[in-house]
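Here the structure is laid out as structure tokens; the discussion comes afterwards.
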Amino acid sequence: MERNYDYTKIEKKWQDIWDEKQTFAAKNDYTLPKFYGLVEFPYPSGQGLHVGHPRSYTAIDIVSRKKRLEGFNVLYPMGWDAFGLPTENFAIKNHIHPSIVTENNIKNFKRQLKSLGFSFDWSREVNTTDPSYYKWTQWIFLQLFKKGLAYKSKMSVNWCTSCKCVLANEEVVNGVCERCGSEVIHKEKSQWMLKITDYAEKLLEGLDTVDFIDRVKTQQRNWIGRSYGTQVTFNTNLGDKFDIFTTRADTLFGATYMVMSPEHPLISKWADKITNYEQVKEYQTLAAKKSDFERTELAKDKTGVKLEGVTAINPVNNTEIPIFISDYVLISYGTGAIMAVPAHDTRDWDFAKKFNLPIIEVVAGGEDVQKEAFTDCQSGVLVNSDFLNGLSVEQAKIKIQEWLCEKGIGTVKTNYKLRDWVFSRQRYWGEPIPMVYCEKCGWVPIDESELPLVLPNVDSYEPTDNGESPLAKMTDWVNTTCPHCKGPAKRETDTMPQWAGSSWYFLRYCDPHNDKELASKEALEYWAPVDWYNGGMEHTTLHLLYSRFWHKFLYDIGVVPNAEPYSKRTSHGMILGENGEKMSKSRGNVVNPDEIVKNYGADTMRVYEMFIGDFEKAAPWSQASIKGSKRFLDKVWALFDILSDEKGYSKELESEIHRTIKKVTEDIEGLKMNTAIAALMTLLNSIQGKKSITRDEYKTFLILLNPFAPHITEELWEMCGFDGMLNEAKWPDFDEAKCVDSTVEIVVQINGKIKARLNIAADISAEEAIALAKQQEAVSKEISGKNIIKELYVPKKLVNLVVK
RNA sequence: GCCGAUGUGGUGGAAUAGGCAGACACAAGGGACUUAAAAUCCCUCGGUAGCAAUAUCGUGCCGGUUCAAGUCCGGCCAUCGGCACCA
């Protein structure tokens with residue numbers, strides 16, 4: 001027999017068989033126990049598959065293959081998140097319709113995925129750009145609109161200067177566009193918004209009910225940013241009242257000035273009362289011009305203007321205090337105005353120092369507040385605060401809140417950092433928003449029977465400089481009749497963001513060909529929720545949050561049976577280039593999966609990517625290390641040469657086999673693929689040492705390895721003449737009692753230092769073990785004439801004698 | 001600044017109800033086979049001292065708890081990721 005197996009031939013052979021037999025199609029038998037494994041469907045880019053994709057896909061493929069062998073009805077689907085800018089930009093450059101570009105890219109991706117032997121159910125493939133799919137994306141939008149959760153609003157939005165398109169807050173990273181890295185500026189635009197803020201509390205609470213890795217939960221919690229505080233009403237010398245939000249109502253006596261955001265509506269109302277209004281207006285203009293980038297870069301230096309002629313009255317002591325405007329107060333958070341307590345807030349302290357404002361200590365316990373703000377709320381006692389004096393911060397918060405509520409000038413309030421989701425994009429390649437504007441009736445949804453509202457063909461996909469979608473030029477399409485009054489009306493020309501289609505795709509997989517509903521009730525009740533979802537950390541506050549929001553909404557309107565879409569969420573680390581840097585064309589460190597499949601085979605690629613390191617951590621690619629995985633599979637292949645006719649497990653291997661079954665079974669569930677493979681390698685080394693393998697030993701080994709290396713194991717299974725196909729076999733059981741050897745080696749320590757090794761029966765008593773240990777020559781020598789203070793026996797591990 | 005994570009050989013990484021640090025690999029060195037190379041097989045492989053048995057140090061740094069600390073506690077340092085004037 002050949003030493004090295006012909007992976008190219010074997011892999012093709014089994015991929016064809018799986019395809020032909022529909023081996024991995026999920027069954028519609030809803031009486032079976034189910035497992036729904038999910039990975040993020042890719043954006044089919046022109047570059048093809050990245051070696052990072054298979055890391056996630058292989059891991060859940062392994063879990064799915066194991067679950068099938070354990071008797072589960074498994075749904076492991078794949079599809080295409082195909083709307084998006086790169087395709088559109090490619091189409092513009094090369095004058096090809098985006099749908100054709102998409103089709104070609106999908107073809108290439110599909111070929112690559114198939115070449116890696118993933119057990120996807122291809123009969124359930126979905127494509128977000130298919131009208132029969134986005135019909136339901138549009139349908140969900142209409143339901144959101146009907147429930148008042150989609151609204152159009154003119155507001156200042158993030159605008160990417162290069163994409164010529166608005167961005168959601170989640171898409172702005174460090175003041176630049178998440179996708180292209182270009183500058184993001186603010187622009188007043190009328191945009192469709194989704195009220196994700198209505199779900200802030202539910203999105204937070206839901207996190208307590210799901211099994212997501214902690215860093216995902218923490219990041220979502222931080223992003224939603226809940227804080228409990230008090231809303232307090234301040235009066236002014238003009239009699240106009242305004243509200244502020246504070247989490248430190250206990251420091252109210254220390255408020256020495258107020259700050260409003262430059263965009264605060266009261267400022268224009270006070271135009272003729274403010275004596276330095278020109279100066280104020282100038283500051284407002286300046287603040288508006290700043291990009292996000294400048295705002296964050298210049299964050300340290302506080303600027304502002306005092307409103308001359310208007311003062312606020314502190315309700316606790318009726319003191320008149322000045323009002324400033326400054327861009328360190330944001331209009332979009334809280335009430336857009338704050339009370340400033342420089343003694344106990346660093347930002348207020350900086351501002352007070354710059355403008356020479358009084359700093360009054362109201363919480364004692366820190367250093368001199370003239371030198372530094374004292375912000376600790378754990379220690380410290382209230383001073384200079386009348387009826388709050390002597391209380392702790394926590395006590396004072398409660399007391400002042402009661403006092404304010406009683407006077408009717410304060411309420412308990414919860415605020416969130418989360419903002420509503422800007423949902424329109426001024427681009428072509430996205431789902432049309434199914435809304436019509438009528439002069440008489442306002443925004444009117446199109447009738448559900450008219451869905452899908454198909455994206456029309458246009459001559460040019462170029463984004464326009466005036467900030468309109470390319471669809472705006474299609475007057476035939478734009479001009480329509482109002483569904484309500486039948487009068488003339490215009491269609492919405494913006495499209496949905498890339499995140500729309502992916503916000504519910506996992507539901508479609510349950511029933512992908514249904515043209516009556518997004519998925520049938522029965523299908524959803526059986527398959528939902530997703531049992532295990534693996535994906536990238538970069539989607540934590542984007543796709544993962546958005547899809548939870550949509551799902552919760554669909555739950556509220558009775559479309560889906562569960563409040564949370566995913567039971568379990570894990571995340572893989574990135575695969576870096578050989579030099580430890582992120583893989584990118586410009587760094588020239590990109591590895592093409594096709595090359596690896598060609599030179600080493602899909603099974604080696606799969607094993608290598610799982611063996612590369614801790615699944616959750618980033619790991620650099622190593623061309624040299626792949627050889628180790630290839631060698632391992634070559635050795636597994638070579639075991640066939642030493643296959644005996646014997647059945648059962650041999651005596652010398654029995655306990656090791658049981659241990660390996662246990663280890664692999666548990667490690668797969670814990671995503672510790674690297675140690676599962678290491679355990680298989682160790683077992684292989686033991687088998688090689690024995691120079692023969694029984695049929696049952698080989699059988700068990702092949703089943704355990706099958707999820708990792710499905711092709712070679714199927715081939716060997718067939719060569720051995722085992723029953724049926726390996727993918728129909730049963731996952732082996734292990735016997736806990738057989739996992740331990742009857743004798744074990746323990747170490748004997750004296751004062752914690754190893755002095756001897758000893759083979760003893762595993763179930764020996766402590767007394768016997770210690771007695772045996774003392775008989776060891778190296779030990780008796782050490783303890784003779786000394787006092788034994790303490791004797792310890794840790795079963796199956798060690799004996800430690802403490803002597804003096 | 002806040003939140004989270006990480007720090008172990010030449011490299012990727014194992015090992016936490018505290019119990020033999022370095023599993024499993026890669027690379028490197030030596031040997032076998034070969035005309036030769038590749039492949040394969042065998043041996044060595046944390047530092048220092050020693051021919052060796054062995055001794056001694058060693059899991060970012062400093063301290064503590066313990067018979068015993070990579071693991072627990074306190075205090076630092078460094079790196080990475082997220083958020084960032086959120087009141």
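Atoms considered below: every heavy atom in the structure, side chains included; atoms not considered: hydrogens, waters and symmetry mates. Just so we're on the same page: letters track the sequence lines, and every chain starts at 1.
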Inset, instruction - Take A:Y7 and A:D634, measure what side chain to side chain donor-acceptor pair (under 3.5 Å) needs, and give me the verdict at the end. - result: CA-CA 10 Å; A:Y7 54 81; A:D634 284 340; over 6 Å; no
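A salt bridge links A:R569 and A:E40; the closest N-O separation between the charged side-chain nitrogens and carboxylate oxygens is under 4.0 Å.
Of the two residues contacting RNA chain B, namely A:A624 and A:G752, the nearest-nucleotide position lying further toward the 5' end is that of A:A624.
In this structure, A:Y333 and A:F245 have perpendicular ring planes: the angle between them is above 60°, well past the 30° mark.
When the side-chain nitrogen and oxygen atoms of A:K755 are compared with OP1 and OP2 of B:A55, one or more of them lie within a distance under 4.0 Å. The side chain of A:T675 places no N or O atom within less than 4.0 Å of a non-bridging phosphate oxygen (OP1 or OP2) of B:G13. Contact annotation: A:N800 side-chain N/O to B:C20 OP1/OP2 distance is not under 4.0 Å. Put simply, A:R631 has a side-chain N or O that comes within less than 4.0 Å of OP1 or OP2 on B:C26. OP1 and OP2 of B:A25 both lie 4.0 Å or more from every side-chain N or O belonging to A:N674.
A:Q749 comes within 4.0 angstrom of a nucleotide base, judged by non-hydrogen atoms across all strands. Contacts of A:K635 with the nucleic acid, taken as non-hydrogen atoms under 4.0 Å apart, involve only primed sugar atoms and P, OP1 or OP2.
Of the residues in residues 251-259 of chain A, not one comes within less than 4.0 Å of RNA chain B through any heavy atom.
In this structure, of B:G12, B:A87, B:C85, it is B:G12 that holds the atom nearest to the side chain of A:F611. Looking at the side chain of A:K790, the nearest of the listed nucleotides B:C67, B:A25, B:G13 is B:C67. For A:V802, the listed nucleotide lying nearest its side chain is B:C67; candidates were B:C67, B:G12, B:A87.
For B:G9, the base adopts the syn conformation, since its glycosidic angle falls within 90 degrees of zero.
Stem analysis of RNA chain B (at least three stacked-register Watson-Crick or G-U pairs, each with both distances under 3.5 Å) gives B:1-7 with B:77-83, B:10-12 with B:24-26, B:28-32 with B:40-44, B:46-49 with B:54-57, B:60-64 with B:72-76.
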